[in-house]
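Here is the structure we will look at, set down as structure tokens.
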Amino acid sequence: QVLLVESGGGSVEAGGSLTLSCAVSGFTSNVYYVGWFRQAPGKEHEGVAHIFTTHGLPHYSDFAKGRFTLFRNTFNGTLRLQMDSLNPTDSGMYYCAAGSISGLQIDQLRSTHFNFWGRGTQVTVSS
């Protein structure tokens, strides 16, 4: 079993920044990739950014490029998402997720490929 615990959510005004953290623990030897998703009320899960656990650069969704930065620390098992220039459309529940399907390319990953999920942390951006 893999355990993911998110932290760092909160409320911020438009233009502000937040940093989300995810602590990954448990049986992680078969975890090949990790990432962040978000879900606004009434909407489906939306990928934010993800990365392979041992190599490569992050892959960002278009809305995240240039504003969000994903940091992977394999030494202590943490995943951080630095979010800058936030706007109200970034509001929602943010989830950390991990997956164990081998053979996928980083830009092929979708929510269905992630089989471990955290409980989420709320981000609220006011105008």
Side-chain angles (χ1 to χ4, degrees):
Q1 184 69 13
V2 176
L3 181 64
L4 303 112
V5 180
E6 304 96 336
S7 61
S11 297
V12 65
E13 293 184 350
S17 299
L18 280 174
T19 299
L20 306 182
S21 293
C22 175
V24 185
S25 62
F27 193 66
T28 60
S29 61
N30 289 336
V31 172
Y32 298 141
Y33 42 86
V34 289
W36 288 92
F37 291 80
R38 70 184 188 183
Q39 187 172 25
K43 295 188 177 181
E44 296 183 353
H45 269 117
E46 181 178 38
V48 178
H50 39 260
I51 189 170
F52 288 121
T53 55
T54 59
H55 65 281
L57 297 174
H59 175 80
Y60 298 96
S61 294
D62 287 343
F63 66 83
K65 291 177 182 177
R67 299 190 301 129
F68 295 3
T69 306
L70 187 64
F71 297 94
R72 172 193 63 209
N73 188 326
T74 55
F75 178 73
N76 62 12
T78 59
L79 186 70
R80 286 192 297 119
L81 182 68
Q82 171 71 37
M83 304 187 295
D84 299 316
S85 301
L86 287 164
N87 59 64
T89 61
D90 293 316
S91 297
M93 188 69 79
Y94 281 69
Y95 298 91
C96 180
S100 57
I101 302 173
S102 62
L104 296 172
Q105 300 297 316
I106 193 67
D107 58 353
Q108 293 177 318
L109 296 178
R110 302 293 181 268
S111 61
T112 53
H113 298 132
F114 289 76
N115 44 342
F116 304 105
W117 292 81
R119 292 190 172 187
T121 185
Q122 179 69 39
V123 171
T124 303
V125 185
S126 59
S127 58

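Everything numeric here is computed off the predicted structure, so don't read it as measured data.
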Using only atom types and a distance under 3.5 Å, with no angle test, would you say the side chain of [X] pairs donor to acceptor with the backbone of [Y]?
X      : Y      : result
Arg110 : Gly47  : no
Glu6   : Cys96  : yes
Ser91  : Pro88  : yes
Ser21  : Gly8   : no
Tyr33  : His113 : yes

Query - Audit row: Ser111, Trp117, side chain to side chain contact (heavy atoms under 4.5 Å, CB included) steps and yes/no - result: CA-CA 10 Å; Ser111 61; Trp117 292 81; 4.1 Å; yes

**Request:** Give the intermediate values and the outcome of side chain to side chain contact (heavy atoms under 4.5 Å, CB included) for residues Phe63 and Val48.
**Result:** CA-CA 8 Å; Phe63 66 83; Val48 178; 4.0 Å; yes

Atom [atom1] of [X] and atom [atom2] of [Y]: how far apart are they, to the nearest 0.5 Å?
X     : Y      : atom1 : atom2 : value
Tyr32 : Thr54  : OH    : OG1   : 10.0 Å
Asn30 : Asn115 : CG    : CG    : 9.5 Å
Leu81 : Thr121 : CG    : OG1   : 11.0 Å
Leu86 : Ser11  : CG    : OG    : 11.5 Å

Spell out, yes or no, whether [X] and [Y] are grouped together once hydrophobic residues are joined by side-chain heavy atoms under 4.5 Å, including indirect joins.
X      : Y      : answer
Ile106 : Leu104 : yes
Leu70  : Val34  : yes
Val31  : Val5   : no
Phe68  : Phe114 : no
Val125 : Tyr95  : no

Using side-chain heavy atoms (C-beta onward) and a distance below 4.5 Å, is [X] in contact with [Y]?
X     : Y     : answer
Trp36 : Pro58 : no
Cys22 : Leu4  : yes
Leu79 : Ile51 : yes

Side chains of Glu13 and Ser126: any donor to acceptor distance under 3.5 Å?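 Short answer, no.
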
Pairs where residues 45-63 contributes a residue and the test salt bridge (charged side-chain N to carboxylate O under 4.0 Å, His left out) is met, not counting sequence neighbours
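Every pair satisfying salt bridge (charged side-chain N to carboxylate O under 4.0 Å, His left out) with a residue in residues 45-63: Arg38-Glu46, Asp62-Lys65.
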
Item to complete: Might you point out which heavy atoms bring Gln82 and Ser17 nearest each other, and give the distance in Å?
Response: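 Where Gln82 meets Ser17 most closely, the heavy atoms are NE2-CB, 3.9 Å.
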
Arg72 to His55 - nearest heavy-atom pair and separation
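That closest heavy-atom pairing would be NH1-O, 3.2 Å.
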
TODO: Please report the C-alpha distance between Leu20 and Val123 in whole Å, then the side-chain angles of each, then the deciding distance to 0.1 Å, and finally whether the side chain to side chain contact (heavy atoms under 4.5 Å, CB included) criterion is met.
DONE: CA-CA 9 Å; Leu20 306 182; Val123 171; 4.1 Å; yes

Describe, in one word, how the ring planes of His50 and Phe37 are oriented to each other, choosing from parallel (under 30°), tilted (30 to 60°) and perpendicular (over 60°).
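Rings of His50 and Phe37: parallel, as their planes differ by under 30°.
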
query: Run the side chain to side chain contact (heavy atoms under 4.5 Å, CB included) check on Met83 and Val12 step by step: do they pass?
result: CA-CA 11 Å; Met83 304 187 295; Val12 65; over 6 Å; no

